[in-house]
Amino acid sequence: MKIVVAGATGTLGRHVVAAVRDAGCEPVPLSRSTGTDLVTGAGLVEALHGASAVIDASATSSTSTSTSVDFFTTVTDHLLAAERIAGVPHHVAISIIGAARVRANYYAGKAAQEDLLRDRDGGWSLLRTTQFHDFAQQLIGHGAVGPLQVVPTMRSQPIATSEVAAELVRIATGAPQGVVPDLAGPTEENMADLVRRLLASEGRRRPVIQIPLPGAWGRGMRDGSLLPAPGTRRGEMSFAQWLARRRT
């Protein structure tokens, strides 16, 4: 089974490519280095020929509402159009639990991506998950202010990227399901605490200051909008276990 992976070199995409191989399938990574461009659509039809499914693990580093919406709608439109031409029967996408409620900044782009799929008549599956454990690392990269580490006030229930990747591949090897049941991490956490623990695990001494971000984006981070509903499926790997694996 040939499974195309969009965003194959990203945080999630690398795990998806590995999970496709682990499932005994053939991964076809999409990236500019392979002659494909998700933003322009160049090379997509040729790359998709013969595929049974496309897993869209693409992402943008921007938190701008307009940039995020433009990226996710453009990429989704290009992939869906190429899939129609190439005859690919199954499009698998990932979104964030609560993105459709928050609809601001990065989450606005994921909500717009969800809207595009829900307006399509079949042929797709959508998995919503909580933020990844890796999100703490991303915040460290963006929030250093002099000797301080600034982190948004945020409630989270992070999940291992490898578990998400395995679930996406499981979905891709079956029939299209539409919106599938959400998947969350095992335990609710405070993001500032996760960043402190990650810094400590790396031997870095830096005071961590959490600040409430303004607007709907920051409110959604604080008020639990990004947390799973009771009864949501949960992954197994805790943040502590993820940290331990990073050290090995």
Side-chain angles (χ1 to χ4, degrees), residues 1-34 36 38 47-48 51-61 71-72 75-76 79 88 90-97 99 106 109-110 113 124-142 156-174 177 180-187 189 191 194 198 201-202 226 228 232-248:
M1 188 173 186
K2 181 177 172 181
I3 298 178
V4 174
V5 183
T9 59
T11 299
L12 174 60
R14 293 193 297 270
H15 285 277
V16 173
V17 170
V20 171
R21 290 197 181 100
D22 289 344
C25 300
E26 176 190 355
V28 180
L30 298 185
S31 67
R32 287 192 177 95
S33 64
T34 63
T36 56
L38 298 175
L48 268 56
S52 298
V54 171
I55 298 176
D56 182 8
S58 64
T60 175
S61 60
F71 175 83
F72 284 111
V75 168
T76 302
L79 285 173
V88 180
H90 195 180
H91 179 94
V92 181
I94 181 169
S95 188
I96 301 170
I97 290 173
Y106 187 88
K110 299 307 291 185
Q113 182 184 28
W124 57 272
S125 299
L126 172 68
L127 172 68
R128 299 187 183 103
T129 75
T130 46
Q131 301 277 178
F132 306 146
H133 292 316
D134 309 74
F135 189 58
Q137 182 68 64
Q138 294 168 17
L139 290 176
I140 289 174
H142 293 290
S156 183
Q157 195 161 318
I159 188 169
T161 316
S162 57
E163 293 182 325
V164 174
E167 177 65 5
L168 288 171
V169 173
R170 186 194 67 78
I171 293 167
T173 56
Q177 302 176 55
V180 304
D182 294 349
L183 181 63
T187 309
E189 306 276 5
M191 188 55 66
L194 298 185
L198 179 53
S201 76
E202 297 175 345
L226 302 174
T232 297
R233 295 185 300 154
R234 297 189 180 192
E236 296 180 356
M237 187 185 297
S238 67
F239 188 78
Q241 291 170 320
W242 178 78
L243 279 181
R245 287 196 175 189
R246 290 180 82 248
R247 291 194 292 267
T248 58

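Residue indices begin at 1 and follow the sequence shown.
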Is the backbone of [Y] close enough, under 3.5 Å, to the side chain of [X] for a donor and an acceptor to pair up by distance?
{"X": "Arg128", "Y": "Ile96", "answer": "no"}
{"X": "Gln131", "Y": "Pro158", "answer": "no"}
{"X": "Gln113", "Y": "Ser95", "answer": "no"}
{"X": "Thr36", "Y": "Ser31", "answer": "yes"}

Euclidean distance, [Y] [atom2] relative to [X] [atom1], rounded to 0.5 Å:
{"X": "Gln157", "Y": "Thr129", "atom1": "CD", "atom2": "OG1", "result": "11.5 Å"}
{"X": "Ser58", "Y": "Leu38", "atom1": "OG", "atom2": "CG", "result": "5.5 Å"}
{"X": "Ser61", "Y": "Gln138", "atom1": "OG", "atom2": "CD", "result": "9.5 Å"}
{"X": "Leu30", "Y": "Leu79", "atom1": "CG", "atom2": "CG", "result": "7.0 Å"}
{"X": "Ser162", "Y": "Phe132", "atom1": "OG", "atom2": "CZ", "result": "10.5 Å"}
{"X": "Asp22", "Y": "His15", "atom1": "CG", "atom2": "NE2", "result": "11.5 Å"}

Closest heavy-atom pair and its distance - [X], [Y]:
{"X": "Gln241", "Y": "Met237", "result": "OE1-CA, 3.2 Å"}
{"X": "Ala53", "Y": "Ala172", "result": "CB-O, 3.7 Å"}
{"X": "Ala184", "Y": "Ile159", "result": "O-CD1, 3.6 Å"}
{"X": "Leu226", "Y": "Thr130", "result": "O-CG2, 3.9 Å"}
{"X": "Glu163", "Y": "Gly235", "result": "OE1-CA, 3.5 Å"}
{"X": "Pro27", "Y": "Arg21", "result": "CG-CG, 3.6 Å"}

Answer yes or no: are there more than 12 heavy-atom neighbours, outside Arg32 itself, under 6.0 Å from its atom CZ? no

Could you check Val4, Val169, Leu127 and say which one makes a side-chain contact (heavy atoms from CB on, under 4.5 Å) with Ile55?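 Among Val4, Val169, Leu127, the one meeting side-chain contact (heavy atoms from CB on, under 4.5 Å) with Ile55 is Val169.
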
Qualifying residue for side-chain contact (heavy atoms from CB on, under 4.5 Å) with Ile94, from Leu168, Val16, Leu126, Ile171: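 Exactly one pass, corresponding to Leu168.
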
Less than 6.0 angstrom separating the ring centers of Phe71 and Tyr106, yes or no?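 No, the ring of Phe71 stays outside the 6.0 Å limit from the ring of Tyr106, centre to centre.
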
Decide whether Asp134 and Thr11 meet the rule of one side-chain donor and one side-chain acceptor closer than 3.5 Å. no

State whether a side-chain donor-acceptor pair under 3.5 Å links His90 with Ser125. yes

Please lay out, stage by stage, how Arg246 and Glu202 fare under the test side chain to side chain contact (heavy atoms under 4.5 Å, CB included). CA-CA 10 Å; Arg246 290 180 82 248; Glu202 297 175 345; 3.2 Å; yes

For the residue pair Trp242 and His133, categorise the inter-ring angle as parallel (less than 30°), tilted (30 to 60°) or perpendicular (more than 60°).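 The arrangement is tilted - the two ring planes meet at 30° to 60°.
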
